[in-house]
Amino acid sequence: MAKGLGMLPRKHVDWDTEAERQRLASEELGEINEQTFALRLLSTMTQAEIKLCSLLLQEHFGEIVEKIGVHLIRNGSQSLRVIAHDTGTSLDQVKKALCVLIQHNLVIYQVHKRGVVEYEAQCSRVLRMLRYPRYIYIAKTLYSDTGELIVEELLLNGKMTMSAVVKKVADRLTETMEDGKTMDYAEVSNTFMRLADTHFVQRCPMVPATENSDPGPPPPAPTLVINEKDMYLVPKLSLIGKGKRRRSSEDDATGEPKAKRPKHTTDNKEPIPDDGIYWQANLDRFHQHFRDQAIVSAVANRMDQTSSEIVRTMLRVSEVTTPSGAPFTQPLSSHEIFRSLPVGYNIAKQVLDQYLTLLADDPLEFVGKSGDSGGGMYVINLHKALGSLATATLESVVQERFGSRCARIFRLVLQKKHLEQKQVEDFAMIPAKEAKDMLYKMLSENFISLQEIPKTPDHAPSRTFYLYTVSILSAARMLLHRCYKSIANLIERRQFETKENKRLLEKSQRVEAIIASMQATGAEEAQLQEIEEMITAPERQQLETLKRNVNKLDASEIQVDETIFLLESYIESTMKR
């Protein structure tokens, strides 16, 4: 009977269609497995992100703001009373915490049909606080100390008017100058205008004039709008004056800081000319600058300095005209590129054309040719550049984690797309046992994945192809998740080191304050030496060790954040496509 069943002809089966169906089914199964892995990874990634957000909020704003912020991140959008009930915090404290979070763009709000206002945390924006030191450093590099302090004030305060920023920065710069020298408001205003022209700072959305003049009852929450063409429009202010130095005697006389006193007297003065026009740091523009720097550096490492300078010029010319997240820069003709090269960069037009052709023919395709008019139209393929940088990051991690042989296998699978285990052994020229161990090691760490292609519907192992493949997107997500965990561990370690040596640090600060005050009063060297000896030699050595460890942890945070930025940029660019 079994033999008879085995001999039954399958008249209605089209073998080509059946093979195609199996192929599609296997691909669909592979996609489902990859999606399941991605969803599982995203759920655990959320836990890593929440922990990191919690540490950042507590470090910057304290326990109450951290409690409210993390609650909103975990539970999504909620109304004021629900937040107060669920967190067991008083309404007054919740309101103050939400004010801080909204001021720093970490929470947004929306009004529902019934008039209920709900608040929602921006987890991605909280994570940007990791990058504050890099934003400030870029501002210092491009616009000197004045630009650095402008960006620092905007990041520390969330939103500020231009006049307030100019006065605060002028005062801070005057404090650092020699006696008799001051910083002019006009100079700080010029730097602020340059930052706005290059889109590093932008206006905040504001309440439209029609809403203020409406005679009806006010809405539960204001609707903020901004016209795109006004985002970088600097108001015409005639700020005349110079920075002032703080005097402790003036503070002590009134019992309150000097910066707070003018608030009580502003009613009798003229209104502030830019009242209601608030500014904030444009983080997307800083990210664009980081991306451009990474691309220029990659071109310099692959080719030479001249090639990287050409790419830098193309990015600089199109930096304001290219929208954030665009896959390509605006097309530029070779004549435009030639005219925009830095002054004193001696390169002939013919040599430039040769370099552009070389860049366009490169397998990485950082630069592409989009037309022949104007001596040739060229663009920078930002999406492919980010893909290449993300791939290079993954290859580097594989090499550091598993060794050069695993990196060879990883690059091979990446290049060939799909390979069986026997093919990997042959192409990589690695013994079968070692190749199997390396493949399984990378498979268990989710750097590579395994795809099954069955010959028959029963998925029998003997009649199934097992192909190794690399999904850059999945691997990038997995590595990003690990980077978040690493940053959280680094912050916790730094906090632990500081807490363990808290008493010693406080003692050191007290001694330094005494020495500074004695130096100001003209104390003798012997007296200063006596005060310095209050910290013993072992304590001094312990302080040096602590300082060295904290500096290492800070440097590690910045390095991991550079990897996070590349991976986030690649994932975002890929998802948009």
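Once rounded to the nearest 0.5 Å, the distance linking CD of Gln293 with CG of Leu315 reads 10.5 Å. How far OG of Ser449 is from OH of Tyr468: 10.5 Å, rounded to the nearest 0.5 Å. Tyr232 contributes atom OH, which lies 9.0 Å from atom CZ of Arg285 (distance to the nearest 0.5 angstrom). Atoms CZ and CD1, on Phe290 and Ile138 in that order, are 5.0 Å from each other to the nearest 0.5 Å. Taken to the nearest 0.5 Å, the CE atom of Met231 stands 10.5 Å off from the CZ atom of Arg203. Expressed to the nearest 0.5 Å, how far CG of Leu450 lies from CD of Gln421 amounts to 9.5 Å.
Between Tyr143 and Thr198, the side chains place a donor N or O and an acceptor N or O closer than 3.5 Å (distance only, hydrogens not considered). For Glu118 and Ser77, the side-chain atoms include at least one donor-acceptor pair closer than 3.5 Å. Using a 3.5 Å distance cut-off with no hydrogens or angles, the side chains of Tyr355 and Asp304 do pair a donor with an acceptor. In summary, the side chains of Gln288 and His199 do not present any donor paired with an acceptor at a separation below 3.5 Å, with no hydrogens or angles considered. For the 3.5 Å distance criterion, the side chains of Ser334 and Lys349 qualify, holding a donor opposite an acceptor. Using modelled atom types, one finds no donor on one side chain facing an acceptor on the other under 3.5 Å when comparing Ser404 with Gln399.
Salt bridge status for Asp561 with Arg134: present, with a side-chain N to carboxylate O gap under 4.0 Å. Salt-bridge check for Arg339 with Glu336: failed, with every basic side-chain N at 4.0 Å or more from each acidic carboxylate O. Glu492 has a carboxylate O that lies under 4.0 Å from a charged side-chain N of Lys51, or vice versa, which qualifies the two as a salt bridge. Electrostatic pairing of Asp437 and Lys433 counts as a salt bridge here, judged by a charged N lying under 4.0 Å from a carboxylate O. Salt bridge annotation for Lys67-Glu63: absent, with no cationic side-chain nitrogen under 4.0 angstrom from a carboxylate oxygen. Residues Arg316 and Asp292 are not paired through a salt bridge, judged by the lack of any N-O separation under 4.0 Å between the basic side chain and the carboxylate. Salt-bridge annotation for Glu568 and Arg131: present, with a side-chain N of the basic residue lying under 4.0 Å from a carboxylate O of the acidic one.
Inter-residue side-chain proximity for Met162 and Val234 is flagged as met; some heavy-atom pair is nearer than 4.5 Å. Proximity of Ile295 to Leu382: side-chain heavy atoms (C-beta onward) are separated by under 4.5 Å at one or more points. Side-chain atoms of Leu72 and Gln78, non-hydrogen and from C-beta on, do get closer than 4.5 Å to each other. A 4.5 Å side-chain heavy-atom check between Lys422 and Asp426 finds at least one atom pair inside the cut-off. Put simply, the side chain of Gln122 does not reach to within 4.5 Å of the side chain of Leu106, judged on heavy atoms. Residues Phe286 and Val151 have side chains in contact (heavy-atom distance under 4.5 Å, counting atoms from C-beta outward). Tyr135 is listed as a side-chain neighbour of Arg128, based on a closest heavy-atom distance under 4.5 Å. Val367 is not listed as a side-chain neighbour of Ile310, based on a closest heavy-atom distance of 4.5 Å or more.
Considering every non-hydrogen atom in both Phe465 and Glu420, the closest pair reads CD2-OE1, 3.8 Å. Arg302 and Pro363 make their closest contact through NH2-CD, 3.8 Å (heavy atoms, listed as atom of the first residue, atom of the second, distance). For the residue pair Leu414 and Val470, the shortest heavy atom distance occurs at CD1-CG1, 3.6 Å. Minimum interatomic distance between Met429 and Arg408 (heavy atoms only, all atoms of both residues): O-NH1, 4.1 Å. Scanning all heavy atoms of the two residues, the minimum distance from Met478 to Asn446 falls at CE-O, 3.8 Å. Here the shortest heavy-atom pairing between Ala294 and Leu566 reads CB-CD2, 4.2 Å.
Between Phe402 and Phe447, the ring center distance clears the sub-6.0 Å criterion. You'll find the ring centres of Phe61 and His104 inside the 6.0 Å limit. Between Phe565 and His287, the ring center distance clears the sub-6.0 Å criterion.
Ser573 places no side-chain N or O within donor-acceptor distance of the main-chain N or O of Ser569, the cut-off being under 3.5 Å. The main-chain N or O of Gln305 is found under 3.5 Å from a side-chain atom of Ser308 such that the two form a donor-acceptor pair. Of the possible polar contacts, none joining the Ser474 side chain to the Ser471 backbone as a donor-acceptor pair under 3.5 Å is found. Under a 3.5 Å cut-off, the side chain of Thr498 and the backbone N or O of Arg494 do form a donor-acceptor pair. With His481 contributing its side chain and Arg477 its backbone, the two residues share no donor-acceptor pair below 3.5 Å. The closest donor-acceptor contact from the side chain of Thr87 to the backbone of Ile68 lies at 3.5 Å or more, if one exists at all.
Within a 6.0 Å radius of CE in Met303, more than 12 heavy atoms belonging to other residues, nucleotides or ligands are found. Other residues, nucleotides and ligands contribute over 12 non-hydrogen atoms within 6.0 Å of the OH atom of Tyr119. Around atom OH of Tyr137, no more than 12 heavy atoms belonging to other residues, nucleotides or ligands sit under 6.0 Å away.
Under the rule for a side-chain contact (heavy atoms from CB on, under 4.5 Å), the partners of Asn105 that lie at least two apart in sequence or sit in another chain are Arg125, Lys159, Gln280.
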side-chain contact (heavy atoms from CB on, under 4.5 Å) assessment of Arg405 paired with Ile430: CA-CA 8 Å; Arg405 284 190 161 193; Ile430 295 175; 4.2 Å; yes
Check against side-chain contact (heavy atoms from CB on, under 4.5 Å), Val398 and Arg411: CA-CA 10 Å; Val398 169; Arg411 281 192 290 268; over 6 Å; no
Stepwise side-chain contact (heavy atoms from CB on, under 4.5 Å) check, Val165 with Trp279: CA-CA 9 Å; Val165 173; Trp279 293 80; 6.0 Å; no
Test log, rule side-chain contact (heavy atoms from CB on, under 4.5 Å), inputs Leu149 and Ile136: CA-CA 8 Å; Leu149 292 183; Ile136 295 167; over 6 Å; no
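Pairs engaging residues 479-491 under the salt bridge (Lys or Arg N to Asp or Glu O under 4.0 Å) rule: Glu445-Arg482 [sequence neighbours left out].
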